Amino acid sequence: MISGFHSPLEQSVLEVLLAANAPCVIVIARKLEEAQLPSAWVQALEQGTAAMVGIDFKRRRLIGELAARRNDWIVHRCERIVVAHTSEAGQLGRQVLQWQMSGRSIQPLTVGG
């Protein structure tokens, strides 16, 4: 799984992945050298169950534009895209529509099936 793991929902998914030693790639929108990582992330990186990519956008705070650029970067590297929640009026909803218009298949999150 590859994600920015930025929202609270994504962070809870990351906690489960790390606890299960499941492979994941964490994409952050800043230089790796500047990142202050939680100890669970460091442990997963050391164990080789997680990898981290830092995309330096020359800004310190993750604003909407940077989040959108990070999402585009991730989507262009994915074979399968699953979106847990979005609204059509929101930024992610607009991105999902753009990805679909460009031919990408976006799968909704299904629980228990």
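Computed from a prediction, not measured in an experiment: that's the story for all the values here.
The list of side chain to side chain donor-acceptor pair (under 3.5 Å) pairs with a residue in residues 8-25, not counting sequence neighbours, reads S7-E10.
L92 and W99 get closest at one heavy-atom pair: CD1-CH2, 4.0 Å. Nearest approach of A50 to L45, heavy atoms of both residues: O-CD2, 3.3 Å. Across all their heavy atoms, I74 and C78 have their closest contact at O-SG, 3.1 Å. Residues T86 and G93 come closest through the heavy atom pair OG1-N, 2.8 Å. Between V75 and R104, the closest heavy-atom pair is O-NH1, 2.8 Å. Among all heavy-atom pairs drawn from R70 and V27, the shortest one is CD-O, 3.5 Å.
For the pair L14/C24, a side-chain contact is recorded, criterion being any heavy-atom separation below 4.5 Å from C-beta on.
W73 CH2 to I55 CD1: the interatomic distance, rounded to the nearest 0.5 Å, is 5.0 Å. Between the CD1 atom of I26 and the CG atom of L18 there is a distance of 5.5 Å, given to the nearest 0.5 Å. With values rounded to the nearest 0.5 angstrom, R80 atom CZ is found 9.5 Å from S105 atom OG. Atoms CZ and CD1, on R77 and I2 in that order, are 7.5 Å from each other to the nearest 0.5 Å.
Residues I106 and L97 fall into different hydrophobic clusters, defined by Ile, Leu, Val, Met, Phe, Trp and Tyr side chains chained together at heavy-atom separations under 4.5 Å.
Checked options I28, V25, V42; the residue passing with M52 is I28 (criterion: side chain to side chain contact (heavy atoms under 4.5 Å, CB included)). For the side chain to side chain donor-acceptor pair (under 3.5 Å) criterion with N71, the lone passing option out of Q95, H76, Q91 is Q95.
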